[in-house]
Engineer: 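A single structure is presented below for examination.
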Number of protein chains: 2
Amino acid sequence: MNFDPLLKYINNYIDLTDDEIAFLKSKLIIRKYLKGQYIVQQGDICKYECFVLKGCTKTFYVDKEGQEHILMFSIEDWWTSDMGSFITQTPADFNVQCLENSELVMFSYDIIEDLYREIPKLERFFRQIIERAFVASQKRIVRSFSLSAKEQYLYFRDQYPLIEQRIPQYMIASYLGITKEFLSKIKSQLILEQ
Amino acid sequence: MNFDPLLKYINNYIDLTDDEIAFLKSKLIIRKYLKGQYIVQQGDICKYECFVLKGCTKTFYVDKEGQEHILMFSIEDWWTSDMGSFITQTPADFNVQCLENSELVMFSYDIIEDLYREIPKLERFFRQIIERAFVASQKRIVRSFSLSAKEQYLYFRDQYPLIEQRIPQYMIASYLGITKEFLSKIKSQLILEQ
DNA sequence: AATAAATGTTAAACTAGATTAACATCATTT
DNA sequence: AAATGATGTTAATCTAGTTTAACATTTATT
């Protein structure tokens with residue numbers, strides 16, 4: 001049970017005393033999932049915000065035509081959840097599924113208010129990480145507006161080289177909002193170009 | 001100088017004492033802008049998060065081809081800013097421009113830390129509104145993935161009927177990520193259908 | 001009232017990316 | 001080693017949305 005990567009991450013934003021760390025740890029659990037297992041399922045109420053200690057997840061949405069759209073991948077030191085479902089405790093729009101055997105720190109809805117009350121600094125911490133998540137989400141909208149599929153792929157490859165290696169290509173296509181056939185075409189074009 | 005709409009809005013999330021309200025008001029300013037004026041310009045450092053008391057703004061981005069892409073409209077009781085620039089105090093990616101004569105409450109970067117220190121509840125307040133903004137942004141990505149242009153327009157019209165009336169059609173096209181000509185075609189199709 | 005500027009429409013030609021379908025390669029299980 | 005399932009490629013055809021360009025309508029200015 002090793003919370004170190006989480007504590008190190010939190011330490012980038014706020015300073016916690018030893019007592020606070022002990023309290024925090026007492027409220028959290030680490031959970032292991034196997035490849036293929038779901039952390040959140042569309043329609044369920046999302047009970048946790050999760051910090052990835054180890055492994056890799058995808059957050060996706062199945063539309064009315066049955067098509068899967070990937071919104072996000074999360075690897076070590078990232079967060080995952082359906083925040084819309086979590087904050088309102090209403091049915092989730094998204095699924096979160098493990099692409100590898102994974103290990104996550106679970107912040108449960110039932111304890112998060114206790115955490116904020118006992119350690120008000122955590123309110124600051126979460127405000128700051130959500131600000132960043134929001135900015136990243138807005139930038140993604142900008143890219144989808146102003147970049148071609150090829151440019152978006154190059155951006156992804158450049159920004160997340162580690163993710164690209166761990167994930168099948170058809171999932172990257174889904175993340176980029178294009179078909180796997182078209183991504184394949186883009187990649188063969190890129191090979192010809194160099 | 002009437003802060004009432006802001007105070008009423010904050011009151012949906014947290015309870016402030018009279019002293020806290022007085023302190024908050026002492027740190028804020030209300031500023032009036034004319035139609036066409038810029039609140040934030042691409043490249044500048046965004047100094048303010050703004051709450052709209054009156055009027056209407058657009059947040060947009062000019063890409064390398066010189067094309068304008070609108071990310072957001074803000075009307076009464078909404079927020080506007082370039083949050084990425086604000087939180088990191090680096091050059092803004094976006095412009096925020098008034099589409100009507102407007103009146104805004106300005107939360108300056110220089111005072112916001114004082115506010116958090118004096119009134120820790122505000123940290124909670126901002127955490128909550130940013131959580132919502134993030135969820136809304138993710139949902140917009142989902143819509144752009146899984147809805148056709150016509151469906152996205154119908155969604156916009158349904159969700160923001162008041163905004164549609166106040167804004168020229170070519171800006172709505174830009175917000176939806178389509179050309180004004182294509183939106184015009186969609187609207188004439190919709191008229192034929194009913 | 002006349003003019004100019006801003007906004008909106010229509011239609012033809014074009015293109016980025018989707019769809020379909022057949023095949024190729026790789027990994028896993030027996 | 002063969003067989004199965006998962007992943008990736010190629011190419012032909014199709015379509016949602018773009019581009020261009022000409023014109024129409026509305027609003028603001030003199």
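To find a chain, count down the sequence lines: A is the first, B the second, and so on, and within it residues start at 1. Just the heavy atoms: all of them, side chains too, but no hydrogens, waters or symmetry mates, feed the values below.
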Engineer: Tell me the interatomic distance from A:Ile191, atom CD1, to D:dT10, atom C1', rounded to whole angstroms.
Structural biologist: 13 Å

Engineer: Any idea how B:Phe107 and B:Phe126 line up, ring-wise: parallel (<30°), tilted (30 to 60°), or perpendicular (>60°)?
Structural biologist: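 Perpendicular.
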
Engineer: When the C1' atoms of the five terminal pairs at each end define the local axes, what inter-axis angle does the helix from C:dA1-D:dT30 to C:dT30-D:dA1 show, to 10 degrees?
Structural biologist: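 Computed from the C1' atoms at both ends, the axes differ by 40°.
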
Engineer: Give me the atom names and distance for the closest heavy-atom approach of B:Thr90 to B:Gly84.
Structural biologist: OG1-O, 4.2 Å

Engineer: Using only atom types and a distance under 3.5 Å, with no angle test, would you say the side chain of B:Ser137 pairs donor to acceptor with the backbone of A:Phe134?
Structural biologist: no

Engineer: Nearest whole Å is fine: how far is C:dT7 C1' from B:Glu164 CD?
Structural biologist: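 My rounded result for the distance is 15 Å.
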
Engineer: Here's one to test your reading of the geometry: is the NZ or CZ of A:Arg140 within 45 degrees of the ring axis of A:Tyr175 and under 6.0 Å from its centre?
Structural biologist: yes

Engineer: Testing B:Arg31, B:Lys54, B:Glu76 one by one against B:Glu103 for a side chain to side chain contact (heavy atoms under 4.5 Å, CB included), which residue passes?
Structural biologist: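 Answer after filtering B:Arg31, B:Lys54, B:Glu76: B:Lys54.
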
Engineer: Whole angstrom is fine here: how far is it from CD in B:Gln169 over to C1' in D:dT26?
Structural biologist: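 For the pair B:Gln169 CD and D:dT26 C1', the rounded distance is 13 Å.
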
Engineer: Salt bridge between A:Glu118 and A:Lys27, side-chain N to carboxylate O under 4.0 Å?
Structural biologist: no

Engineer: Could you check how far CG of B:Leu190 sits from C1' of C:dT9, rounded to whole Å?
Structural biologist: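 Rounded to whole Å, this separation is 15 Å.
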
Engineer: Just how far, in rounded Å, is C1' of D:dA11 from CD of A:Gln189?
Structural biologist: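 The answer, rounded to whole Å, is 14 Å.
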
Engineer: Can you check each nucleotide of nucleotides 17-30 of chain C against protein heavy atoms at under 4.0 Å and return B for base, S for sugar-phosphate only, - for none, in 5' to 3' order?
Structural biologist: BSBBB---------

Engineer: Side chain of A:Ser184, heavy atoms from C-beta onward: which of C:dG8, D:dT10, D:dT7 has the nearest atom to it?
Structural biologist: D:dT10

Engineer: Please state how far atom CE in A:Met171 lies from atom C1' in D:dG8, giving the value in whole angstrom units.
Structural biologist: 14 Å

Engineer: Got more than 12 heavy atoms from elsewhere within 6.0 Å of CG, A:Asp4?
Structural biologist: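 Enclosed: over 12 neighbouring heavy atoms sit under 6.0 Å from CG of A:Asp4.
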
Engineer: Over all heavy atoms of both residues, which pair between B:Ser174 and B:Glu68 is shortest? Give the atoms and the distance, please.
Structural biologist: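 Answer, listing the atom of B:Ser174 first, then B:Glu68: OG-O, 3.3 Å.
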
Engineer: State plainly whether one hydrophobic cluster holds both B:Leu147 and A:Leu71, where clusters connect Ile, Leu, Val, Met, Phe, Trp and Tyr through side-chain heavy atoms under 4.5 angstrom apart.
Structural biologist: no

Engineer: Starting at CD1 of B:Ile172 and ending at P of C:dA6, how long is that distance when rounded to a whole Å?
Structural biologist: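 Spelled out: CD1 on B:Ile172 to P on C:dA6 is 19 Å.
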
Engineer: Taking all non-hydrogen atoms of both residues, which atom of B:Phe86 and which atom of B:Gln89 are closest, and how far apart?
Structural biologist: O-NE2, 3.0 Å

Engineer: Nucleotides 4-6 of chain D: which of its N/O atoms have a protein N/O under 3.5 Å away?
Structural biologist:
none

Engineer: Angle between ring planes, A:His69 versus B:Phe145, binned at 30° and 60°: parallel, tilted or perpendicular?
Structural biologist: parallel

